[in-house]
Amino acid sequence: MMVIGLTGGIGSGKTTVAGFFEEIGIPVYIADDAGRRLMNTSKEIREAVIQIFGEEAYNKKLPNRKFIASKVFNDKGLLSRLNQIIHPAVERDFNSWLSDQTSEYVIYEAAILYETGGYKKCDYSILVTAPQKLRILRLQKRDDSSVEEIQERMNNQWSDEKKSQMADFLINNEELAQTKLQVEHIHHEILKAGKNC
């Protein structure tokens, strides 16, 4: 079974694109959601995170996400240490999920697919892009974030130009009807590629 990586910068609409793949019957695994779930439920992760950030990292048994985010977005070393805890746990969870799937391919959606080298474990990868102004507008609506906060988060991710050099497929996500057509086109291309293997 093929694994297709799906990624894009914050506000690009990769989750919307993932939803379009689900609509045509393709199973989707969202790594960020899995990471959040595992941070909530895994005792091992909780202990490892508290070791790095201190007791304030959890309120009772739930992660104090605002506190953790405030630490990692200003410190790439801390972000890397957090990722070293979360990513292996997500990978194990994904492999377990994958063993239950029966479709010709699955979508693995991850925010930092290229930055972590995760794309190397995928048969193909899709990069979702959108103009920066549109991404900022979407994030302001979604998170009620300031432009400065959004810019800071964007600066922690690679540029679309850099990522597009590694992508097999590009989706420009400005208008939903067009995005849907691009998803359908890529779906057929992937099925064709699978038959040629």
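One is the number of the first residue; the rest follow in order along the sequence. Source: prediction; values computed, not measured.
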What donor-acceptor contacts under 3.5 angstrom involve side-chain atoms of residues 45-59, with partners at least two apart or in another chain?
residue	atom	partner	partner atom	Å
Y58	OH	M39	O	2.8

Any donor-acceptor pair under 3.5 Å from D93 side chain to A89 backbone
no

Determine whether a donor-acceptor pair (N or O, by modelled atom type, separation under 3.5 Å) exists between the side chain of E104 and the backbone of L191.
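No; zero donor-acceptor contacts below 3.5 Å.
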
Could you walk me through whether L113 and S125 pass the side chain to side chain contact (heavy atoms under 4.5 Å, CB included) check?
CA-CA 9 Å; L113 187 73; S125 67; 4.1 Å; yes

Less than 4.5 Å apart, any side-chain heavy atom of [X] and any of [Y]?
X	Y	result
R36	D32	yes
Y108	V90	yes
V183	E23	no
R138	N173	yes
C122	I4	no
I126	Q182	no

Enumerate the residue pairs fulfilling ring-ring contact (aromatic ring centres under 6.0 Å, His included) with a member in residues 165-196, sequence neighbours excluded, ordered by first and then second residue.
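Every ring-ring contact (aromatic ring centres under 6.0 Å, His included) pair that includes a residue of residues 165-196, provided the two are not neighbours, is Y105-H187.
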
Would you compute the distance between atom [atom1] of [X] and atom [atom2] of [Y] and round it to the nearest 0.5 angstrom?
X	Y	atom1	atom2	value
K61	K43	NZ	NZ	8.5 Å
D33	L38	CG	CG	11.0 Å
R37	S42	CZ	OG	10.5 Å

[X] versus [Y], closest heavy-atom pair with distance:
X	Y	result
N172	A130	OD1-CA, 4.2 Å
N40	P63	OD1-CD, 3.0 Å
I186	L170	CD1-O, 4.3 Å
K163	W158	CE-O, 3.3 Å

Does L6 form a side chain to side chain contact (heavy atoms under 4.5 Å, CB included) with V28? I'd like the steps, not just the answer.
CA-CA 10 Å; L6 174 67; V28 173; 5.9 Å; no

Applying the side chain to side chain contact (heavy atoms under 4.5 Å, CB included) criterion to I10, which one of L139, D143, I136 satisfies it?
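Of the listed options, the one satisfying the test is L139.
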
Step-by-step side chain to side chain contact (heavy atoms under 4.5 Å, CB included) determination, S80 to K76
CA-CA 6 Å; S80 172; K76 287 189 175 169; over 6 Å; no

Assign the ring pair Y29 / F94 to parallel, tilted or perpendicular, where the plane angle (0 to 90°) is split at 30° and 60°.
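Y29 and F94: perpendicular rings.
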
Selection residues 2-20 - residue pairs positive for side chain to side chain donor-acceptor pair (under 3.5 Å), sequence neighbours left out
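Every pair satisfying side chain to side chain donor-acceptor pair (under 3.5 Å) with a residue in residues 2-20: T15-E109.
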
Between V106 and M1, does the side chain to side chain contact (heavy atoms under 4.5 Å, CB included) criterion hold? Intermediate values first, please.
CA-CA 8 Å; V106 299; M1 185 188 307; 3.5 Å; yes

